[in-house]
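As structure tokens, the structure follows; a few thoughts come after it.
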Amino acid sequence: MATKLRVAIAGLGRAGWSIHFNRLKDAPNFQLAAVIDPLPERLDEAAALSGCRTYRTHGAFWKKERPDILVVATPTRFHERHARRALKEGCHVILEKPMTTTLRSADRIIDEAERHDRRVLVFQPHRLAAETQTLKGILDSGILGPVYLIRRSLTRYVRRNDWQSLRKHGGGMLNNYGSHYVDQLLYVSDGTPVVDVQCNLWAVATRGDADDVVKVWLRTRRNQLLDLEINQAAALPLPPWHVCGRYGTLIQSEDAFHIRYFVPEQAPELEVFEGAAPGRSYDNRDRLPWREKTVPVRSEAQLDFYANIHDTLTANAEPHIRTHESRELIRVIEQCRRRAKFGKEIDA
């Protein structure tokens, strides 16, 4: 029988409740021992559904509890404080994305984990999604040839008015959704470090003061361009994925990737003319043998975060999301923030 790991959750907000609590309360390889949240109605609901112990403060929790894992799903600005305390108490830590607010903070968490021989693992589920895994399989197949552009877009119209619409709470789409989509881009990229970052931010439809429109360009060491647009003020959408390689292009439409490509060995020879265009024609008569292909998103490609966490902590498996990758994500987002030009308003 598999070893059950005792787990506690700090924070029963949207992510803490809908993702972590609902996944862990009935998970066969985990025992949900306790939860922490300042709101008594949330604690009562958790206890009624799972029978777990409840605490309104971290101080009261640590006087009585020593779980194997603490899931930290509190607001991002509290992540370092809660993670480091858990590590000092001998617990492994799962951090809701983003890992923390700055690269220095990330390094302090990682140092604390190494000091106490514990693991820090970050919940970055979009790289585990069937969509991302299907896309990675297409790119790894080489059908597009060397890929020079990967564009990721999230476009919709939302007038955000919660805590994540406010900069003082670490809000904004660069922090919030950017931690998902920058991670996706890094995951499916050529694997070399990002060496150049450009970023523009706007506050357009939001009711707060944090960015709700984000444009990011990342260049890897091999000169691959990673292009991200998060636009919460767009009434009409762009394709979620648009990838260009030397021999073809793909776009995502609903639950499939549509590919147009050619096989280079089947392309006709094409000479370069240095002089005047033959016959003054704009048409060079190049006719490539284009092929079309549609690859559906395979639901079975979805990776299971918590199953992998259990295997990592009990059987020394390789984690789906490695700590140095989470650190690199924080480094890139911090570079985006430092280089960002922020537009609070649209000029009339």
Side-chain angles (χ1 to χ4, degrees), residues 5 7-27 30 32-39 41-47 49-50 52 54-56 58 61 67 69-83 85-86 91-101 105-106 109 120-129 131-132 154 156 158 160-167 169-184 208 210 212 230 232 302-310 319-321 323 325-326 329-330 333:
L5 296 175
V7 60
I9 302 172
L12 295 177
R14 286 171 299 199
W17 183 263
S18 64
I19 298 171
H20 301 286
F21 179 87
N22 283 334
R23 173 67 173 83
L24 290 167
K25 66 182 176 64
D26 299 316
F30 296 89
L32 181 55
V35 295
I36 314 164
D37 196 277
L39 299 181
E41 62 271 22
R42 291 180 175 179
L43 298 178
D44 292 343
E45 187 177 9
L49 287 172
S50 72
C52 67
T54 63
Y55 300 88
R56 293 188 65 178
H58 286 255
F61 170 84
I69 306 167
L70 180 68
V71 177
V72 178
T74 54
T76 310
R77 69 185 188 278
F78 299 128
H79 281 194
E80 181 184 351
R81 180 197 311 173
H82 295 157
R85 174 67 187 272
C91 298
H92 301 289
V93 172
I94 295 171
L95 285 165
E96 178 59 38
K97 64 80 192 169
M99 182 181 190
T100 185
T101 53
S105 177
I109 294 171
V120 173
L121 301 154
V122 182
F123 183 65
Q124 294 164 202
H126 280 52
R127 73 154 63 187
L128 310 181
E131 165 197 304
T132 313
L154 175 74
R156 59 190 183 182
V158 178
R160 194 97 188 217
N161 66 338
D162 62 346
W163 69 265
Q164 288 183 330
S165 70
L166 298 170
R167 283 189 281 176
H169 293 316
M173 288 299 104
L174 177 60
N175 276 350
N176 188 10
Y177 292 175
S179 58
H180 284 310
Y181 300 129
V182 172
D183 181 63
Q184 278 185 314
D212 64 345
I230 303 170
Q232 297 282 91
Q302 175 87 33
L303 299 179
D304 189 316
F305 176 79
Y306 272 108
N308 176 247
I309 292 294
H310 186 273
H320 289 326
I321 303 159
T323 304
E325 294 171 329
S326 298
L329 174 61
I330 293 296
I333 290 177

Atom [atom1] of [X] and atom [atom2] of [Y]: how far apart are they, to the nearest 0.5 Å?
| X | Y | atom1 | atom2 | answer |
| --- | --- | --- | --- | --- |
| Gln124 | Leu329 | CD | CG | 5.0 Å |
| Asn175 | Gln164 | CG | CD | 9.0 Å |
| Asn161 | Leu166 | CG | CG | 9.5 Å |

[X]: what forms a side-chain contact (heavy atoms from CB on, under 4.5 Å) with it, not counting sequence neighbours?
| X | value |
| --- | --- |
| Pro38 | none |
| Pro125 | Phe123, His180 |
| Ala10 | Ile36, His58, Leu70, Thr74 |

How close do [X] and [Y] get, heavy atom to heavy atom, and via which atoms?
| X | Y | result |
| --- | --- | --- |
| Ile230 | Gly178 | CD1-N, 3.6 Å |
| Gly171 | Ala210 | C-CB, 3.8 Å |
| Ile9 | Gly11 | CG2-O, 3.5 Å |
| Ala83 | Leu95 | CB-CD2, 4.0 Å |

> Under 3.5 Å, is there a donor-acceptor pair linking the side chains of Gln184 and Thr132?
Replying inline: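 Thr132 and Gln184 do have a side-chain donor-acceptor pair below 3.5 Å.
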> Given Ile309 and Ile69, is the side-chain contact (heavy atoms from CB on, under 4.5 Å) satisfied, shown in steps?
Replying inline: CA-CA 10 Å; Ile309 292 294; Ile69 306 167; 4.3 Å; yes
> Do the side chain of Ser50 and the main chain of Lys25 share a donor and acceptor less than 3.5 angstrom apart?
Replying inline: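 Not confirmed, Ser50 side chain does not pair with Lys25 backbone.
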>> Checking the side chain of Asp37 only, and the main-chain atoms of Leu12 only, is there a donor and an acceptor separated by less than 3.5 Å?
In response: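 Yes, because the side chain of Asp37 sits within donor-acceptor range (under 3.5 Å) of the backbone of Leu12.
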> Less than 4.5 Å apart, any side-chain heavy atom of Leu24 and any of Val71?
Replying inline: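 Touching, per the 4.5 Å side-chain cut-off.
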> Under a 4.5 Å cut-off applied to non-hydrogen side-chain atoms, are Ser165 and Asp212 in contact?
Replying inline: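 Contact flag for Ser165/Asp212 side chains = no.
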Which residues pass the salt bridge (Lys or Arg N to Asp or Glu O under 4.0 Å) test with [X], sequence neighbours left out?
| X | result |
| --- | --- |
| Arg127 | Asp183, Glu325 |
| Asp162 | Arg14, Arg160 |
| Arg23 | Asp304 |

> Does the pair Phe305 and His320 meet the rule for a ring-ring contact (aromatic ring centres under 6.0 Å, His included), with working shown?
Replying inline: CA-CA 7 Å; Phe305 176 79; His320 289 326; 8.3 Å; no
